[in-house]
Amino acid sequence: MNEIPEVIRTIPLQYYLFFSSTLFVIGIIGVLTRRNAIVIFMCIELMLNAVNLLLTAFSAYRSDANGQVFVFFIMAVAAAEVCVGLAIIVMIYRNLRSTDINILSNLKW
Amino acid sequence: MTGNLFYFLTFLTLFAALGVVFSKNPVYSVLCLILTFFTLSGHYILLNAQFVAAVNIIVYAGAIMVLFLFVIMFLNLNQETEETQHKSTLMKVAGVISGGLLLVIMIAVLKDAELGAVDTANFNSQIGLVENLGQLLFTKYLLPFELVSVLFLSAMVGAVMLGKKETQQRHF
């Protein structure tokens with residue numbers, strides 16, 4: 001029952017580091033290049049998931065359960081954040097008839 | 001076998017993540033995001049983190065994605081609305097270049113990171129199961145766990161407050 005999972009024996013932890021970094025950077029590129037507020041929100045979720053995967057990978061490789069508890073808390077905070085954020089986006093849409101972030105430049109200067 | 005599965009899931013995850021960023025229609029973005037979440041759950045199962053895999057599917061693919069899809073349908077976003085709001089090509093190229101530079105820096109730093117070997121002597125493969133994590137969650141992390149419920153309550157109140165129609169609001 002206590003044997004090491006095969007993926008931990010065959011895949012080095014560094015691959016997970018590279019994979020999570022790539023996923024995180026894809027999320028950053030999405031935030032930088034898209035203008036639709038909802039798509040930007042989805043890219044933030046992508047970045048949160050990259051961090052979750054890396055925490056789980058480290059926790060599994062070091063067989064330390066605390067990392068997976070943290071993943072649980074990150075997911076809880078992400079759910080609360082999505083709930084409030086989408087409510088804000090719906091309110092913006094009701095007032096401006098658009099979710100384009102370039103319209104929201106009143107606080108710019 | 002597991003190695004090939006890892007590479008396959010990694011490829012699929014990155015492909016779906018690129019689909020989220022580059023698809024024109026927001027509905028396709030959401031569908032790609034759902035695929036990303038399922039492949040990430042596959043990764044969690046490979047790592048024997050079953051609790052995280054189940055929570056990932058229930059919370060992300062179940063709750064958050066329904067919320068996203070609902071809002072997109074509610075706001076009636078589609079390809080036409082997306083095409084009217086183009087960022088300039090210069091901004092897109094600049095975004096991709098700066099993201100790529102960040103990736104290069106991260107890989108250059110993490111390439112030589114000292115990660116330590118797997119401790120084979122007292123390795124416990126059962127840490128990711130529901131029994132073990134539940135025990136930890138209700139003993140060591142009991143206070144944060146209860147605080148999360150307060151956070152959810154405040155998020156719920158906030159969402160209801162924001163969603164309420166204001167009296168002097170503009171109507172369309």
Side-chain angles (χ1 to χ4, degrees), chain A residues 1-8 10-11 13-14 17-19 21-23 25-26 28-30 32-36 38-39 42-43 45-46 49 53 56-57 59-61 63-65 68-69 71-73 75-80 82-84 86-91 93-95 97 99-100, chain B residues 2-3 6 10 13-14 17-18 20-21 26 29-30 33 36 40 43-44 46-49 51-52 55 59 63-64 67-68 71-72 75 82 85 87 92 95-96 98-99 102-103 106-107 110 115 118 120 123-125 127-128 132-133 136-137 141 144 148 151-152 155 158-159 162-163 170 172:
Chain A
M1 276 307 278
N2 221 5
E3 64 191 71
I4 301 175
E6 200 182 331
V7 76
I8 294 181
T10 50
I11 305 288
L13 185 49
Q14 265 177 344
L17 271 172
F18 296 150
F19 172 43
S21 313
T22 316
L23 204 56
V25 165
I26 288 173
I28 286 180
I29 288 173
L32 289 177
T33 55
R34 295 304 293 263
R35 272 172 58 178
N36 191 334
I38 292 181
V39 180
M42 288 192 256
C43 293
E45 293 302 310
L46 221 53
N49 267 285
L53 178 74
T56 314
S59 144
Y61 273 71
S63 79
D64 179 356
Q68 298 189 15
V69 175
V71 170
F72 175 76
F73 286 128
M75 281 175 182
V77 172
V82 163
C83 165
V84 175
L86 285 177
I88 291 176
I89 288 176
V90 169
M91 197 183 66
Y93 186 81
R94 275 215 307 246
N95 282 301
R97 245 23 200 161
T99 53
D100 191 339
Chain B
T2 315
F6 170 82
T10 305
T13 312
L14 291 179
L18 286 173
V20 174
V21 175
S29 287
V30 173
L33 196 56
T36 316
L40 280 175
H43 272 295
Y44 294 147
L46 277 187
L47 287 168
N48 208 15
F51 176 73
V52 177
V55 170
V59 172
I64 292 182
L67 216 56
F68 267 115
V71 168
I72 283 177
L75 302 186
E82 191 70 8
Q85 36 175 275
K87 232 176 195 176
K92 278 184 180 164
V96 171
S98 38
L102 180 67
L103 180 62
M106 278 169 115
I107 285 186
L110 296 174
L115 297 174
V118 177
T120 45
F123 188 89
N124 183 6
S125 63
I127 55 138
N132 185 25
L133 281 180
L136 202 60
L137 211 52
Y141 291 100
V148 162
L151 176 76
F152 273 129
L162 288 169
R170 284 153 64 190
F172 294 95

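FYI, side chains are in, hydrogens and waters are out, and symmetry mates aren't considered; it's all heavy atoms of this structure. Lettering of chains follows the sequences in order, A, B, ..., and the numbering in each one begins at 1.
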| note | Here the pair of heavy atoms bringing R34(A) nearest to S29(B) is NH1-OG, 4.5 Å

| With respect to chain A, which residue among L136(B), L102(B), L151(B) yields the maximal number of heavy-atom pairs within a distance under 4.5 Å? | L136(B)

| task | Pick one of side chain, backbone, both or neither for L47(B), based on which atoms fall under 4.5 Å of a heavy atom in chain A. | result | both

| Pick from L46(A), V90(A), V71(A), L86(A): which one has the most heavy-atom pairs with chain B under 4.5 Å? | L86(A)

| field | Flag side-chain contact, heavy atom, 4.5 Å: M42(A) against F68(B) | value | yes

| said: Between D64(A), I28(A), L13(A), I29(A), who has the most heavy-atom pairs with chain B when the cutoff is under 4.5 Å? | reply: I29(A)

| field | T99(A) and N36(A): side chain donor to acceptor below 3.5 Å | value | yes

| task | Go through V77(A), I88(A), I11(A), L23(A) and name the one with the most non-hydrogen pairs under 4.5 angstrom from chain B. | result | I11(A)

| query | Can you tell me if N49(A) uses its side chain to pair, donor with acceptor, with the backbone of E45(A) under 3.5 Å? | reply | yes

| field | Proximity breakdown for T36(B) and chain A, heavy-atom pairs closer than 4.5 Å | value | side chain

| message | Parallel, tilted or perpendicular: which one describes the rings of H43(B) and F6(B), with boundaries at 30° and 60°? | response | perpendicular

| field | A49(B) versus chain A, the contacting section by heavy-atom distance below 4.5 Å | value | both

| message | Let's test your reading of the structure: which of V59(B), L137(B), V20(B) forms the most heavy-atom pairs below 4.5 Å with chain A? | response | L137(B)

| message | The test is side chain to side chain contact (heavy atoms under 4.5 Å, CB included); show your working for F73(A) and V69(A) and say whether it passes. | response | CA-CA 6 Å; F73(A) 286 128; V69(A) 175; 3.5 Å; yes

| Who wins among G99(B), G158(B), S98(B) for the most heavy-atom pairs under 4.5 Å with chain A? | G99(B)

| field | Top of V96(B), N132(B), N48(B) for chain A proximity - count of heavy-atom pairs under 4.5 angstrom | value | V96(B)

| Structural part of L53(A) lying under 4.5 Å from a heavy atom of chain B | both

| note | Okay, V84(A) and chain B: the region with an atom under 4.5 Å from a heavy atom over there is both

| note | Taking every heavy atom of A80(A) against every heavy atom of F152(B), the minimum-distance pair comes out as N-CE2, 3.9 Å

| task | Could you have a look at A63(B), G95(B), G3(B) and say which one has the most heavy-atom pairs with chain A under 4.5 angstrom? | result | G95(B)

| note | If one checks every heavy atom of Y61(A) against chain B at 4.5 Å, the contacting part turns out to be both

| Does Y93(A) use its side chain to pair, donor to acceptor, with the backbone of L75(B) at less than 3.5 Å? | yes

| field | I38(A) portion near chain B, given a 4.5 angstrom heavy-atom threshold | value | both

| task | For R94(A) and L162(B), work out which heavy atoms get closest and say how close. | result | NH2-O, 4.1 Å

| said: As a quick check of understanding, evaluate side chain to side chain contact (heavy atoms under 4.5 Å, CB included) for T10(B) and T22(A), giving each step before the final call. | reply: CA-CA 10 Å; T10(B) 305; T22(A) 316; over 6 Å; no

| Of the listed residues (V82(A), T10(A), I89(A)), which shares the most heavy-atom pairs with chain B below a 4.5 Å separation? | V82(A)

| task | Name the member of V30(B), L18(B), L14(B), T13(B) that forms the most heavy-atom pairs with chain A at distances under 4.5 Å. | result | L14(B)

| field | Leading residue by heavy atom contact count with chain B [cutoff under 4.5 Å; candidates G30(A), A78(A), S59(A), A76(A)] | value | A76(A)

| query | Shortest non-hydrogen contact from L67(B) to C83(A)? | reply | CD2-CA, 4.0 Å

